[in-house]
Amino acid sequence: MRSLACLLLAVAAAPALAQDIVVGQSAPLTGGNAELGNDIRNGALAYFRKVNEAGGLPQGKLKLVTLDDRNDTKLSAENTQKLVNEQHAVALFGYASSTLSIPAMPTVLENKVPFFAPFTGADTIRKQNDYVYTVRSTYADEIEKIINFWGNLGNTRVTVLHYDDTVGKQNFETVAAVLKKFDRQPVSVAIKRNADITEQNVKDVMATSPQVLVVTTLYAPAAQMVKKLKAANRATLVTSLSFAGASQLAKALGPDASGVSVSITVPTPRSKTVPVVRECDDAWTAAGQKEPMSVTALESCIAAKVLVEGMKRAGSQLTRATLHRSLSGLGRYDAGGYVVDFKPNFRHGGTYVGMALLKPNGEVRD
């Protein structure tokens with residue numbers, strides 16, 4: 001009996017095994033936007049692996065659970081419910097667009113789950129609720145950078161390729177607002193989401209004879225348009241928003257990448273003098289990735305580092321509520337050459353915008 005009592009006392013005194021810290025993600029792992037979705041996932045996985053290999057966090061080891069939404073809003077909503085109610089995710093991370101993020105909002109608000117680092121600069125997602133945290137600059141910031149860059153060089157005849165939806169129209173209106181300082185108006189060419197570029201779309205662009213084509217779509221239609229314009233000997237200067245995915249667009253264009261630029265919301269993966277770029281590149285290699293780290297994967301890795309910092313500051317009991325409180329009070333945090341600044345009344349911490357050139361070999365160079 002004495003030995004049994006001692007055993008029970010020893011078990012009672014033993015520290016509880018740390019549980020997995022589940023971070024949930026719905027992303028397009030298959031379908032037309034799969035490359036972007038997989039890069040977001042793999043960038044976060046690389047950083048979480050780095051943390052876990054070093055012993056994890058005091059509250060446990062990180063576990064990213066990703067469900068494939070195939071770029072479908074209905075699946076995004078369903079996946080979110082599963083991640084929150086069945087997987088008990090402490091946070092949601094890295095949804096691939098505003099369109100895929102909005103369906104998650106009812107579940108986010110009802111369960112008060114931090115919704116961290118959606119891959120979008122749309123104002124739409126920023127205005128949803130107090131649980132949305134972004135680490136990238138807005139599309140408006142990017143557009144201002146693009147139009148001022150080309151406008152100051154005298155290239156003010158601008159056509160905008162955009163989706164015929166709320167975010168697409170908002171992007172076009174932002175271009176128009178910035179162009180006013182150059183006494184110009186842009187021309188709109190709207191396309192349907194999840195549709196290929198048609199010959200009529202190409203004719204509409206060519207009819208405007210733009211000096212600059214500003215692209216605000218995903219990489220597939222962006223690449224299709226550039227290739228068709230070049231095939232028709234009507235190549236023009238093209239700059240895309242970061243929404244396309246710089247590395248994905250470069251790869252899709254191949255030899256047609258010459259003359260195409262893109263706005264980016266993190267440094268390029270070639271910027272190894274930036275400490276967090278070097279850190280993420282090391283984590284990417286250690287995770288066994290064979291392809292070079294993309295801009296998207298780098299952004300995801302940086303976002304994962306910021307999320308982990310919030311977890312470290314959340315205290316011994318890591319819950320949705322303590323993480324939300326911790327992230328809201330994070331303040332100015334330098335992740336290693338990339339700064340975010342969260343406040344209790346402002347949870348959109350990123351301001352970085354750069355311009356990069358795409359190369360025919362798939363590289364993205366600033």
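Hydrogens, waters and symmetry mates are skipped; everything else that's a heavy atom, side chains included, is used. This chain uses plain numbering: 1 for the first residue, then up along the sequence.
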Spacing of OG belonging to S300 relative to OH belonging to Y47, to within rounding of 0.5 Å: 12.5 Å

Give a yes or no answer on whether the side chain of N361 reaches the backbone of E363 with a donor-acceptor pair at less than 3.5 Å. yes

Any chance the side chains of S263 and Y139 put a donor and an acceptor closer than 3.5 Å? no

When rounded to the nearest 0.5 angstrom, what distance separates CD1 in I302 from CD in E279? 9.5 Å

Side-chain ion pair, K192 and D164, N-O less than 4.0 Å: yes

With a 6.0 Å cut-off (strictly less than), is the heavy-atom count around CD of Q200, excluding the residue itself, greater than 12? yes

Polar side chain donor-acceptor pair, E142 to T265, under 3.5 angstrom: no

Minimum heavy-atom separation for S137 and V353, please, with both atom names. OG-CG2, 3.1 Å

Answer with yes or no whether the hydrophobic clustering places F342 together with L92; edges join I, L, V, M, F, W, Y residues whose side-chain heavy atoms lie under 4.5 Å apart. no

Are M355 and V277 joined in one hydrophobic group, where the rule is that I, L, V, M, F, W and Y side chains link up if heavy atoms are under 4.5 Å apart? yes

Side chain of Q224, backbone of I197: donor and acceptor closer than 3.5 Å? yes

Between the side chains of T138 and D141, does any donor sit under 3.5 Å from an acceptor? yes

Going through the checks in order, is the side-chain contact (heavy atoms from CB on, under 4.5 Å) test met by Y163 and I191? CA-CA 5 Å; Y163 287 124; I191 64 172; 3.9 Å; yes

Nearest non-hydrogen partners of L357 and S261, listed with the distance: CD2-CB, 4.1 Å

Would you sort out whether K228 and E199 count as a side-chain contact (heavy atoms from CB on, under 4.5 Å), showing the intermediate values? CA-CA 8 Å; K228 288 178 181 292; E199 292 305 318; 3.2 Å; yes

Examine distances only and state if a side-chain atom of T80 and a backbone atom of A104 form a donor-acceptor pair shorter than 3.5 Å. no

Check ion pair R347-D130 (N to O, under 4.0 angstrom): yes

So, for Q128 and M105, which heavy atoms are closest and what is the spacing to 0.1 Å? OE1-CG, 3.5 Å

Distance-only donor-acceptor check, side chains S247 and D39, under 3.5 Å: no

Evaluate K169 against E173 for salt bridge (charged side-chain N to carboxylate O under 4.0 Å, His left out), listing each step before the verdict. CA-CA 6 Å; K169 292 173 183 176; E173 290 166 1; over 6 Å; no

Measure across A44 and A304 and return the closest heavy-atom pair with its distance rounded to 0.1 Å. CA-CB, 4.1 Å

L153 reachable from V160 in the ILVMFWY side-chain graph, under 4.5 Å edges: yes

State, to 0.1 Å, how close T268 and R365 come at their nearest heavy-atom pair, and which atoms those are. CG2-C, 4.2 Å

List the atom of V167, the atom of T124, and the distance in Å for their closest heavy-atom pair. CG2-OG1, 3.9 Å

I want to know whether F115 and Y95 have ring centres closer than 6.0 Å. yes

Donor-acceptor contact present, side-chain R278 to main-chain K272, <3.5 Å: yes

side-chain contact (heavy atoms from CB on, under 4.5 Å), that's the test. Do F119 and E299 meet it? Break it down for me. CA-CA 9 Å; F119 273 62; E299 181 177 342; 3.6 Å; yes

L327, V108: one ILVMFWY side-chain cluster at the under-4.5 Å cut-off? no

Carboxylate-amine/guanidinium contact K82 E78, below 4.0 Å: no

Are there over 12 heavy-atom neighbours, none belonging to R70, within less than 6.0 Å of that residue's CZ? no

H324 and Y131 aromatic ring geometry - parallel, tilted or perpendicular at 30°/60° bounds: tilted

Side chains of S26 and N79: is there a donor and an acceptor less than 3.5 Å apart? yes

Give a yes or no on whether V202 and V187 share a hydrophobic cluster (residues Ile, Leu, Val, Met, Phe, Trp, Tyr; joining criterion: side-chain heavy atoms under 4.5 Å apart). no

For the NZ atom on K227, are there more than 12 heavy atoms of other groups (residues, nucleotides or ligands in this structure) within a distance under 6.0 Å? yes

